[in-house]
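Naming: A, B, ... by sequence-line order, numbering from 1 per chain.
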Protein chains: 2
Amino acid sequence: MTSARAPKYQRIADALRSEIRNGTPPAGERMPAETDLVERFGVSLPTVRQALGVLRTEGVIESRQGIGTFVRDNRRLQRRSRNRYGRARDDKKLLTAHLRHEIISAQPEEPPQEISALLDEPTKRILVRRRRLINPDTNRPEELGASYLPGEYVFGTFLETTDVVPKALFLCIEDLSGKRYVRAEDKWQVRIASDDEVDRLELPTGTNVVHLTHVARAADDTVLEISESVWPADRVVILDEYDLNDEISARPSEV
Amino acid sequence: MTSARAPKYQRIADALRSEIRNGTPPAGERMPAETDLVERFGVSLPTVRQALGVLRTEGVIESRQGIGTFVRDNRRLQRRSRNRYGRARDDKKLLTAHLRHEIISAQPEEPPQEISALLDEPTKRILVRRRRLINPDTNRPEELGASYLPGEYVFGTFLETTDVVPKALFLCIEDLSGKRYVRAEDKWQVRIASDDEVDRLELPTGTNVVHLTHVARAADDTVLEISESVWPADRVVILDEYDLNDEISARPSEV
DNA sequence: GCACTGTAGTCCTCATGAGGACTTGACGTC
DNA sequence: GACGTCAAGTCCTCATGAGGACTACAGTGC
């Protein structure tokens with residue numbers, strides 16, 4: 001894999017990566033100290049650090065100052081791309097059901113540019129509920145989210161508290177607004193984590209995240225809810241299953 | 001944004017990033033030489049290089065040895081997540097239609113582990129058509145793809161040539177197999193680009209890519225086609241629109 | 001028992017210095 | 001005019017050296 005003429009730091013990175021892939025050190029465990037690696041590979045400290053930097057940006061390892069460098073556990077969480085509305089399926093592959101929901105805040109906020117651009121003019125006063133999901137197995141945050149709800153329906157209701165809602169959020173909105181969720185648009189993007197996301201998701205800076213923006217509309221096209229979800233990009237898999245009859249409009253060979 | 005006690009390389013990176021965001025230098029243009037930056041910021045060369053390294057892993061800039069460091073054009077290409085089967089919509093936001101199609105190869109290959117795991121036993125002999133999409137405006141590759149087709153249907157047919165197919169690929173397979181595409185599973189992942197992808201997509205090493213694995217099945221559940229598509233993660237947006245009536249199975253409030 | 005302190009081990013920052021590899025373009029030769 | 005050569009400018013690699021910041025833990029004093 002590595003050519004003989006590759007730079008030292010690259011060869012060291014390759015060596016360590018393949019060792020990790022073979023289980024030494026195993027996920028979660030500590031790597032040898034930088035000074036040990038200097039001795040082992042017979043190179044200088046900056047070279048070792050450059051090699052570790054490669055693995056760090058790849059998400060293979062993670063360093064904590066004063067403690068050590070650790071092998072990251074990169075098992076991926078499985079998400080269903082349209083599972084927001086709880087279609088009844090008991091798919092054991094979906095790990096997200098076990099996640100603990102935690103409401104960070106629930107208060108009126110000025111919507112950011114990208115969100116307010118999607119809103120109808122009269123609904124620009126909004127309530128924002130921010131949530132975080134913790135994986136109870138690893139005790140690590142796996143998802144960050146925000147729901148932007150039209151103020152006219154939700155101001156002064158129980159949604160303005162940080163309590164966990166009694167039933168699915170969209171059902172609450174339907175009750176409060178008297179309208180039905182009938183259409184949705186999803187937008188998926190990969191981008192660098194913001195400082196806030198780095199903190200809340202406990203990620204190394206510069207990590208990529210998957211960002212989903214979900215817009216739900218009523219029959220009259222007004223926006224009932226906009227929600228955002230953010231996951232660490234290297235810890236998530238998005239699954240989608242569908243019938244093609246709906247997708248294939250006409251087969252030319254039949255015309 | 002940057003605290004006063006942030007390390008030098010971080011402050012330099014922040015300064016350059018915000019300048020770039022404000023248009024200097026503009027996308028595609030050259031950055032000042034590293035030695036110029038050394039003088040401007042009054043730091044050493046490794047520090048400047050570390051700052052540029054941050055921007056490089058963020059995808060903001062790109063360096064070419066012997067030539068210079070350039071601001072990357074990070075406009076994103078829009079993709080529809082289920083548009084593979086050409087549902088007739090004339091959405092001007094979709095830029096992909098303008099892409100130039102290029103068949104790299106079309107020959108029998110040993111399927112990789114992840115693919116053959118999805119295949120039925122008798123169809124493990126497959127034809128692989130590899131394609132690349134070029135954006136004629138920028139003349140840059142935007143997408144890399146591979147279609148894994150069951151050998152029993154396609155060996156010896158025109159699909160074994162690198163010619164562009166006369167009609168949509170799935171229609172060809174339907175004709176040749178006598179079966180219909182009725183169901184599909186999509187799997188989306190973000191991962192580091194392989195060496196091959198770095199070459200073919202002309203990316204800096206270590207870049208993240210979005211990887212879609214699409215499995216299409218017939219009514220009897222046999223696999224008709226597996227296709228993979230790979231895009232640079234920071235140059236793509238995935239869009240999806242759908243009716244919620246299909247998704248929301250039952251509203252408890254009505255029970 | 002508790003709180004504080006010091007120390008060792010760890011990763012992080014940054015300077016200096018040197019050589020190499022790659023690209024471009026000017027120049028000279030044929 | 002075509003081709004090869006050379007030099008300048010660029011980014012890339014790597015060593016050495018030093019200091020700092022952070023964490024965990026053992027020991028001390030109360």
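Crowding of B/Glu39 atom CD: a count of heavy atoms from other residues, nucleotides or ligands under 6.0 Å not exceeding 12. The local environment of CD in B/Glu19 is crowded, with over 12 non-hydrogen atoms from other residues, nucleotides or ligands closer than 6.0 Å. Residue A/Glu202 places its CD atom among more than 12 non-hydrogen atoms of other residues, nucleotides or ligands, all under 6.0 Å distant. When the shell of 6.0 Å around CZ of B/Arg75 is examined, it contains 12 or fewer heavy atoms from other residues, nucleotides or ligands.
For the pair A/Arg30 CZ and D/dA24 P, the interatomic distance rounds to 12 Å; values are reported in whole Å. The separation between A/Gln10 atom CD and C/dA21 atom C1' is 16 Å, rounded to whole Å. Atom CD of A/Glu62 and atom P of C/dT10 are 18 Å apart (whole Å). Taking atom CD1 of A/Ile67 as the reference point, atom P of C/dC12 lies 11 Å away to the nearest angstrom. Distance, B/Arg11 CZ to C/dT13 P: 12 Å, rounded to whole Å. Computed from coordinates, the B/Ile61 CD1 to D/dC11 C1' distance equals 11 Å when rounded to whole Å. When the C1' atom of C/dG9 is taken as reference, atom CG of A/Leu37 falls 15 Å away, rounded to whole Å. Whole-Å rounding puts the B/Leu52 CG to D/dT10 P distance at 14 Å.
Taking a cutoff of 4.0 Å between a charged side-chain nitrogen and a carboxylate oxygen, A/Glu225 and A/Arg129 do not qualify as a salt bridge. Between B/Arg72 and B/Asp234 there is a salt bridge, since at least one side-chain N of the basic residue sits less than 4.0 Å from a carboxylate O of the acidic one.
Two residues are said to be in side-chain contact when any heavy atoms from C-beta on lie closer than 4.5 Å; A/Ile61 and A/Ile20 meet this criterion. Between B/Leu52 and B/Leu16, the closest side-chain pair of non-hydrogen atoms falls below 4.5 Å.
Taking only side-chain atoms of B/Glu34, from C-beta outward, the nucleotide of C/dT23, C/dC11, D/dC12 with the closest atom is D/dC12. Taking the side chain of B/Ala33 as heavy atoms from C-beta on, and the options C/dC12, D/dT10, D/dT13, the nearest nucleotide is D/dT10. With D/dC12, D/dA24, C/dT23 as the candidates, the nucleotide lying closest to the side chain of B/Ser63 is D/dC12.
Shown are B/Leu77, B/Asp73, B/Val210, B/Leu203; of these, the side chain to side chain contact (heavy atoms under 4.5 Å, CB included) with B/Arg235 is made only by B/Leu203.
As judged by a 4.0 angstrom heavy-atom cut-off over every strand, B/Arg49 is placed among the base-contacting residues.
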Base-contact (B) and sugar-phosphate-only (S) positions in nucleotides 15-21 of chain D, heavy-atom cut-off under 4.0 Å, - elsewhere
BB---BB

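Applying the 4.0 Å criterion to OP1 and OP2 of D/dT13, one finds that A/Tyr9 has a side-chain N or O inside that range. Put simply, B/Arg56 has no side-chain N or O that comes within less than 4.0 Å of OP1 or OP2 on D/dC11.
Interface residues of residues 197-206 of chain B facing DNA chain D, ordered by number: none; criterion, heavy-atom separation under 4.0 Å.
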